[in-house]
Amino acid sequence: MAAVRATPANPTPGLMSETGQSGDQRAIPPELGPDSLAVLSGPTFMYSNSSGDVPPGSIGGLVHLDTRLISGWTLTVNGGALLVLRAQTIEHYSAQYVLTNPELPGLPPNSLGLRRLRYVGDGFHERVELLSFRPEPVRLEVRLAVDADFADLFEVKSVVRDRSAQIRRDHAADGSELCFSYRNGDFSAQTRVCCATPADRIEGDELVWELDLSPRQGWKVDLHVPLPPGLGVVEPVRGDIADVIHGRADDPLRRWAEERAVLRSDNQALERTVRQSRDDLAALRLDLEVKGQKILLPGAGLPWFLSVFGRDTLISAYQTLVAGPELAKGALLALARLQGETCDDFTDEEPGKILHEVRSGELTRSGQKPYGPYYGTADATQLWLILLSEYWRWTGDDETVRHLADNAIAALRWIDEYGDRDGDGYVEYATRSPEGLGNQCWRDSPDGICFADGRIPVLPLATADIQGYTYDAKLRLAELLDGPLANPSLARRLRDEAGTLYARFNQDFWIDERGGYYAVALDGDKNLVDSKTSTMGHLLWSGIVPPERAEAVVRQLMSPEMFSGWGIRTLSREERLYNALGYHLGTVWPHDNSIAVLGLARYGYRAEANRISLAMLDAAEQFNHRLPEALSGYDRERLLFAVPYPTACSPQAWAAGTPLALVRALLGLNPVGGRLMIDPDIPPKLGRITADRVRAFGQEWGVEALGTSGNVRLQAS
């Protein structure tokens, strides 16, 4: 009987996962409804339906550092659920819910005006305000039902283990506090719900207030859930709930956002989209301390990925360099600190490798999941080198580059000694962990890499995008070695190696059939994985495409089979597994398109780059100027409006970074020789674009462009 061969869908045959299916499990129905709201600050968020409730058994709740502290949070009056009049976030950390009552026994509809105000800062805060509009006295029972399951975020995404027998309750007899606590070995967590106005009684896990209200009389209660400190917790907003909601409280994140570069445009949609991107990046910011130095970097996305990532963080930081270098520097330093040092099959760690993801929930801390950190990515190491180079090009910061020199050489060694598993000159991947990811490129779902006929390839895989990144990383590191790292002999070697990779890649990955295109990968038998994918846009970005083939690649990307009208699909409609709702099988990802736009601009295809950019900006308008993680791949001409991927993260870092990358391409803005250079191609629809406080080389610059004309000037500090 033939042995079962490893594939991304079954990457470790014979090795059973102790915690269920490995890898990302994201296909969860949006049971909180399409109008669900989240408030977030760093690694903390509260996710609820549009009335502010968290129904038990849903994916909602208060999550802090990958542990769900509140899994049920339901407000009722006289036993009835409340009706939503309107609800919306105010800032990323605050929201307001305006409610009333349906018809209830002894209470006609619309008799009450209710408002819930909440924010996440130095804890989770909520104020419930109630006003009676009845002309006679009214008796009300207000009840808040609370639950705390202490689920690991990985379980929230799949199946939650029942911990009820291990959860202790120490609720205050005077109604001032609910207290849930949980311990399992070395892992412990606690949830305290503190009431400024004590409840009249506690029934089980429910706070109950009995109210006798006169006509037009109001009532309110403030609730507070303290949060423990930990990795990535940002400097929080603090203050009275009303002051926070109305912007009267000091907000460190707002100060941070307002210090970034400022863009203005004749096109209000562009200006608002860029402003929303700035605010979302502020919301996703994580604060870390590395060797006594405070650094900033973006978490990947709400709700599943508010943590330190490799690939996502690096690409987001690259996209946002045009707005300032702080996030890029923070990402470089934080990921260098956690760079692989040894070989560990369970975590896929190898010396010099840049991590994939860090988690701090129970499953990780107890050793059931390998995320402390997990290294299952084959592209983050190259992307780290690319970002190091790009950061240097924008800043001229020789000191930081020299500080990271050993990390850069270790990353290079990983590419050559561990990334190239069989010595064929290509970087391949195959997990060794029963909990590992089958696909370790950005298309990391089990079927994210497939043949045109729908077959899933055998491992290890050498994907085309990773080879492009490797080519670019070696050329960029050679530039640093000729500069601040002062090793010209190694620089020459890397340029020779990049040249060899360029030639071999274009021989081995090119397919002449179907109009000419690049395969998405070589499988474990060195067969071409022949599906047409958006990966070709990444190849343009890396520069590994010969100029004479660029036109064919662009033609493929912009064909009706791949360009939906909103952006380039991850997989062509020609392929058997195409699915407009498939995670990597036909959806449109903003970050993926931003990389393609930068690649198209690099090769001089500005009209095509602008077509994608305008489509992305049109899509952002339909989502209150915030691009979701992914859009469904439906044809624009058929549906007329954009449809989000069912469980898209929002906000999400590299989607938030996309408008900034698009602006960079529109302006043709690049650092060259200590100066910012501009080569604009602005579509008439966008009119004039200006930007102030663009930071490069330790100075601030002003940029202005209209059509194909523009200028850059130094601004006074």
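Sequence positions, counted from 1, serve as the residue numbers for this chain. Everything quoted here is computed from the prediction, not taken from an experiment.
Counted by atom type alone, Thr342 and Asp344 present zero donor-acceptor pairs between their side chains at under 3.5 Å. Side-chain contact annotation: Gln319 with Trp654, donor-acceptor N/O pair under 3.5 Å absent. Side chains of Ser489 and Asn487: a donor-acceptor N/O pair is present below 3.5 angstrom, by distance only. Side chain to side chain, Thr44 and His64 meet the donor-acceptor criterion of an N or O pair below 3.5 Å.
Remark: Asp416 pairs with Lys474, Arg493 by the salt bridge (charged side-chain N to carboxylate O under 4.0 Å, His left out) rule, at least two apart or across chains. Every residue meeting the ring pair (Phe, Tyr, Trp, His ring centres under 6.0 Å) condition with Tyr502, not counting sequence neighbours, appears here in chain and number order: Tyr471. Take Glu479 and apply the salt bridge (charged side-chain N to carboxylate O under 4.0 Å, His left out) test, not counting sequence neighbours, and it matches Arg393. Remark: Lys532 pairs with Glu574 by the salt bridge (charged side-chain N to carboxylate O under 4.0 Å, His left out) rule, at least two apart or across chains. Shown here are the side-chain hydrogen bond (donor to acceptor under 3.5 Å, both in side chains) partners of Thr533, two or more places apart in sequence or in another chain: Thr535. For the side-chain hydrogen bond (donor to acceptor under 3.5 Å, both in side chains) test, residues two or more places apart in sequence or in another chain that qualify with Glu575 are Arg514. Not counting sequence neighbours, the partners of Asn527 by the side chain to side chain contact (heavy atoms under 4.5 Å, CB included) test are Asp523, Asp525. In this structure, the side-chain hydrogen bond (donor to acceptor under 3.5 Å, both in side chains) partners of Arg455, at least two apart in sequence or on a different chain, are Asp453. With sequence neighbours excluded, no residue satisfies salt bridge (charged side-chain N to carboxylate O under 4.0 Å, His left out) with Arg443. The side-chain hydrogen bond (donor to acceptor under 3.5 Å, both in side chains) search around Asp345 returns Arg432, not counting sequence neighbours. For Tyr375, the ring pair (Phe, Tyr, Trp, His ring centres under 6.0 Å) test picks out no residue, with sequence neighbours left out.
A donor-acceptor pair under 3.5 Å is absent between the side-chain atoms of Glu629 and the main chain of Ala655, judged by distance alone.
Taking all atoms of both residues into account, the shortest heavy-atom contact from Thr364 to Gly372 is CG2-N, 3.5 Å.
Here the straight-line distance linking atom CD1 of Ile595 with atom CG of Leu600 works out to 12.0 Å at 0.5 Å rounding. With values rounded to the nearest 0.5 angstrom, Asp348 atom CG is found 5.5 Å from Ser433 atom OG. How far CZ of Arg602 is from CH2 of Trp541: 9.5 Å, rounded to the nearest 0.5 Å. In this structure, Ile415 CD1 and Asp379 CG are separated by 10.5 Å, a value rounded to the nearest 0.5 Å. Distance CG/Leu461 to CZ/Arg421: 10.5 Å, rounded to 0.5 Å. Interatomic distance, Leu355 CG to Arg311 CZ, rounded to the nearest 0.5 Å: 11.0 Å.
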Margin query: Would Arg365 and Asp186 count as a side chain to side chain contact (heavy atoms under 4.5 Å, CB included) here? Give the steps.
Written below: CA-CA 8 Å; Arg365 289 169 59 181; Asp186 294 334; over 6 Å; no

Check: Going through the checks in order, is the side chain to side chain contact (heavy atoms under 4.5 Å, CB included) test met by Leu481 and Leu477?
Finding: CA-CA 6 Å; Leu481 289 162; Leu477 183 52; 4.0 Å; yes

Item checked: Derivation and outcome, side chain to side chain contact (heavy atoms under 4.5 Å, CB included), residues Tyr517 and Arg549 -> CA-CA 9 Å; Tyr517 65 104; Arg549 282 184 176 163; over 6 Å; no

Check: What do the steps show when you test Val553 against Tyr603 for side chain to side chain contact (heavy atoms under 4.5 Å, CB included), and what is the final call?
Finding: CA-CA 11 Å; Val553 170; Tyr603 280 79; over 6 Å; no

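Note on Glu390 versus Arg664: salt bridge recorded, some NZ/NE/NH1/NH2 to OD/OE distance being below 4.0 Å.
A cation-pi arrangement, defined by a distance under 6.0 Å to the six-membered ring centre and an angle within 45 degrees of its axis, is present between Lys369 and Phe154.
A centroid separation of 6.0 Å or more is found between the aromatic rings of Trp442 and Tyr469.
Evaluated for a side chain to side chain donor-acceptor pair (under 3.5 Å) with Trp510, the options Asp508, Asp512, Asn506 yield exactly one hit, Asp512. Ile354 pairs with exactly one of Leu385, Leu383, Thr381 by the side chain to side chain contact (heavy atoms under 4.5 Å, CB included) rule, that one being Thr381.
For Glu548, the CD atom counts as densely surrounded, since its 6.0 Å shell holds more than 12 non-hydrogen atoms of other residues, nucleotides or ligands.
The salt bridge (Lys or Arg N to Asp or Glu O under 4.0 Å) pairs that include a residue from residues 404-413 number zero, where partners must be two or more places apart or lie in different chains.
Ring geometry for Tyr374 against His356 counts as perpendicular: the plane angle is over 60°, on a 0 to 90° scale with 30° as the lower cut. Using the six-membered ring where Trp is involved, His591 and Trp589 have ring planes that are perpendicular, over 60° apart on the 30 and 60° scheme.
Taking the side chain as every heavy atom from C-beta outward, Val63 and Val156 never approach each other to under 4.5 Å.
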